[in-house]
Amino acid sequence: MFKWKRSLTVMAATTVIAGSLAACGSSSEKTASTSTSNPASASAAPTTAASSEPVKLRIMWWGAQNRHDATLKALELYTKNNPNVTFEPEYSGMDGYLDKLSTQAAANNAPDIVQLDPGWTPDWAARKQLADLSSVNVSKFDPKLLAGGKSGGKQYGIPLGSVGFGMIYDKSAMDKLGIKNPANGWNWDEFFALAKESKSKLPAGTYFTKDYSGNYFVYSAYQYAKGKGTVISDDGKFHVDQATFLEWTKKFEELRKDGIIPPADVNASDKENDPKLDLMVAGKILMRYCFSSGYGTYDSLKKGAYALVTMPRANEAGGWLKPSMYLAVSANSKKQEEAKKFVDWFVNDQEAAKILTTVRGLPANKDVATLLQANLSDVDKVSLELLRAVEKDGQTWTAGPGGWTNFIDKDWALVGDQISFGKVTPEQAFDQLKSAAKSYEK
């Protein structure tokens with residue numbers, strides 16, 4: 001199972017700004033003002049089991065305005081169907097969301113129901129801050145989506161949506177330059193061959209792709225595809241295959257020397273989804289990694305220019321199916337049974353689905369997803385095509401063992417920069433990563 005342990009801030013780089021199969025946060029969510037609303041006024045009444053007694057449930061989520069509006073309407077529908085249950089919603093953009101939620105949880109005052117980034121689940125479960133949701137009906141969910149929400153054999157997070165990990169490329173530019181388009185199911189040998197073939201056709205200042213030699217996530221896809229397993233083992237050990245890592249970094253070293261990928265300073269200037277600083281949007285690279293949910297953002301920046309393709313494979317698939325986010329119940333909630341009943345309804349009810357549509361990604365419940373597919377936009381259909389291609393044999397995503405966030409977000413990123421700027425050799429980079437991992441190993 002693939003480990004994707006990272007913060008919400010980093011996750012936001014790969015998600016939809018508006019309208020499409022939204023996964024986690026988006027740039028529009030960063031600026032969304034914090035809002036609190038109470039659609040009903042019934043008083044809270046602690047209870048330990050679902051009943052007809054008045055119950056007020058606190059629920060917290062992050063998102064853009066379209067997610068806020070849809071969620072509030074769904075809450076109103078639930079109260080209409082269950083008049084004894086009302087809600088105290090807390091919602092905002094993603095900035096500050098985790099800090100606020102963590103502060104509340106530390107004070108044993110977390111909301112009854114919380115929206116969680118998948119990468120947080122192991123740490124929250126390990127701290128016993130989440131309730132067991134094994135009673136929620138997940139019979140229509142792909143096991144690959146459920147895996148990341150489990151800990152110790154118990155289900156602590158219910159997936160709200162699904163996204164596929166692949167690549168996005170500038171089809172319009174590649175067609176004009178006479179560079180062959182990649183196809184679903186392509187492999188890493190074809191990826192590197194296409195990069196070299198493109199050299200004679202690339203205009204000055206244009207490159208095939210980013211320098212991914214020191215990128216944790218794309219390297220992870222490469223190691224996984226090679227059949228070498230995960231970068232961090234299930235038991236919390238450094239598991240980078242040295243031969244595979246050196247092969248990867250040296251291939252990119254060759255591309256760097258040949259001018260097929262950007263020099264370090266250009267590579268470092270990239271800011272994903274930024275209309276001016278994103279290297280692909282600016283016409284400086286032809287391809288980059290992307291989630292299926294990211295297509296809508298790019299299409300809005302350059303209409304009709306881009307296309308999606310599966311992550312290259314080798315012995316195994318390189319890409320994976322990933323939950324967009326989880327819905328969980330606080331372990332300290334005094335209304336757990338009512339909260340669990342609501343979670344079950346939220347992810348399985350078709351009337352709720354018609355309100356929520358794809359504001360958290362294509363619903364993880366397969367029947368609900370099928371219900372919505374007929375009305376998807378053309379943009380969403382492109383995203384869905386990649387998602388379905390990844391579903392066939394894609395790897396299983398998991399947040400992995402807790403405690404490795406800084407290793408991925410800081411230590412690996414630092415070594416990656418050193419590789420790109422030529423300050424360390426591939427061998428030295430591996431040794432630095434192995435040494436840094438020691439303080440995280442269990």
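Throughout, residue positions are numbered sequentially from 1 according to the sequence presented.
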#### Entry: Minimum-distance pair of heavy atoms, taken over all atoms of Asn215 and Val218
OD1-N, 2.9 Å
### Query
Any side-chain heavy-atom pair from Lys302 and Asp278 closer than 4.5 angstrom?
no
### Task
List the atom of Leu372, the atom of Ala353, and the distance in Å for their closest heavy-atom pair.
CD2-O, 3.8 Å
### Task
Return yes if a side-chain donor-acceptor contact under 3.5 Å exists between Asn365 and Asn348, otherwise no.
yes
### Message
Checking Tyr440 against Asp411 for the side chain to side chain donor-acceptor pair (under 3.5 Å) test, could you report, in this order, the C-alpha distance in whole Å, the side-chain angles of both residues, the deciding distance, and whether it holds?
### Response
CA-CA 11 Å; Tyr440 301 90; Asp411 296 307; 2.4 Å; yes
### Task
Please report the closest heavy-atom contact between Pro111 and Glu90, naming both atoms and the distance.
CG-OE2, 4.2 Å
### Task
Can you tell me which residue pairs pass the side-chain hydrogen bond (donor to acceptor under 3.5 Å, both in side chains) test with a partner in residues 201-211, sequence neighbours excluded?
Lys210-Asp270, Asp211-Ser213, Asp211-Arg256, Asp211-Ser420
### Task
Find the distance between CD (Glu316) and NZ (Lys228) and round it off to the nearest 0.5 Å.
10.5 Å
### Message
So that I know where these two stand, are Trp412 and Trp404 an aromatic pair - ring centroids less than 6.0 Å apart?
### Response
no
### Message
Would you say NZ of Lys237 has more than 12 non-hydrogen atoms from neighbouring residues, nucleotides or ligands within 6.0 angstrom?
### Response
yes
### Message
Lys366: which residues meet the side-chain contact (heavy atoms from CB on, under 4.5 Å) condition with it, sequence neighbours left out?
### Response
Asp142
### Task
May I ask you to check whether over 12 heavy atoms, not counting those of Glu441, lie within 6.0 Å of atom CD?
yes
### Message
If you apply the rule side chain to side chain contact (heavy atoms under 4.5 Å, CB included), what do you find for Tyr295 with Glu385, and how did you get there?
### Response
CA-CA 11 Å; Tyr295 178 75; Glu385 184 178 353; over 6 Å; no
### Query
Is the closest side-chain heavy-atom distance between Met311 and Gln395 below 4.5 Å?
no
### Message
So, taking the atom named CZ in Arg313 and the one named CG in Asn315, what distance separates them when rounded to the nearest 0.5 Å?
### Response
9.0 Å
### Task
Could you pull out the closest heavy-atom pair between Gln115 and Leu101, with the gap in Å?
O-CD2, 4.5 Å
## Note on the structure
So NZ of Lys423 and CD of Gln428: to nearest 0.5 Å the spacing works out to 12.5 Å
### Query
Are Phe208 and Phe191 an aromatic pair by the rule of ring centers under 6.0 Å?
yes
### Task
May I ask you to test the Leu321-Leu387 pair for a side-chain heavy-atom distance under 4.5 Å?
yes
### Message
Centroid separation under 6.0 Å, is that true for the rings of Tyr97 and Tyr91?
### Response
no
#### Entry: Glu427/Lys250 ion pair, N-O < 4.0 Å
yes
### Message
Is it true that, when you exclude Lys284 itself, more than 12 heavy atoms of the residues, nucleotides or ligands shown sit nearer than 6.0 Å to its NZ?
### Response
no
### Task
Could you tell me whether the side chain of Asp258 and the main chain of Ile260 form a donor-acceptor pair under 3.5 Å?
no
### Query
Does Thr244 reach the side chain of Tyr219, with side-chain heavy atoms less than 4.5 Å apart?
yes
### Query
Between Glu254 and Lys257, does at least one N-O distance fall below 4.0 Å, as a salt bridge requires?
no
## Note on the structure
One should read off an interatomic distance between Leu327 CG and Ile59 CD1, to the nearest 0.5 angstrom, of 6.0 Å
### Task
Rounded to the nearest 0.5 Å, what's the gap from CD1 on Ile419 to CD on Glu253? Could you check?
9.5 Å
### Message
Checking the side chain of Ser439 only, and the main-chain atoms of Ala436 only, is there a donor and an acceptor separated by less than 3.5 Å?
### Response
yes
### Trp124 ring center near Tyr156 ring center (under 6.0 Å)
no
### Query
Heavy-atom distance under 4.5 Å between the side chains of Val231 and Gln223, does that happen here?
yes
### Message
Given Phe165, which partner from the list Phe291, Tyr224, Phe217 fulfils the ring pair (Phe, Tyr, Trp, His ring centres under 6.0 Å) test?
### Response
Phe291
### Message
Between Glu197 and Lys180, does any side-chain N to carboxylate O distance fall below 4.0 Å?
### Response
no
### Task
Compute the ring centroids of Tyr212 and Tyr222, then answer whether they are less than 6.0 Å apart.
no
### Message
Ring-plane angle category for Tyr306 and Tyr298, please: parallel below 30°, perpendicular beyond 60°, tilted otherwise.
### Response
perpendicular
### Message
Looking at every non-hydrogen atom in both residues, tell me the closest pair between Ser383 and Ser292 and how far apart they are.
### Response
OG-O, 2.9 Å
### Summary
Separation between CG (Asp241) and CG (Leu246), nearest 0.5 Å, reads 9.0 Å
### Message
In terms of relative ring orientation, are Trp62 and Trp120 parallel, tilted or perpendicular, with 30° and 60° separating the classes?
### Response
tilted
### Summary
Heavy atoms of Ala74 and Phe346 approach each other most closely as CB-CE1, 4.3 Å
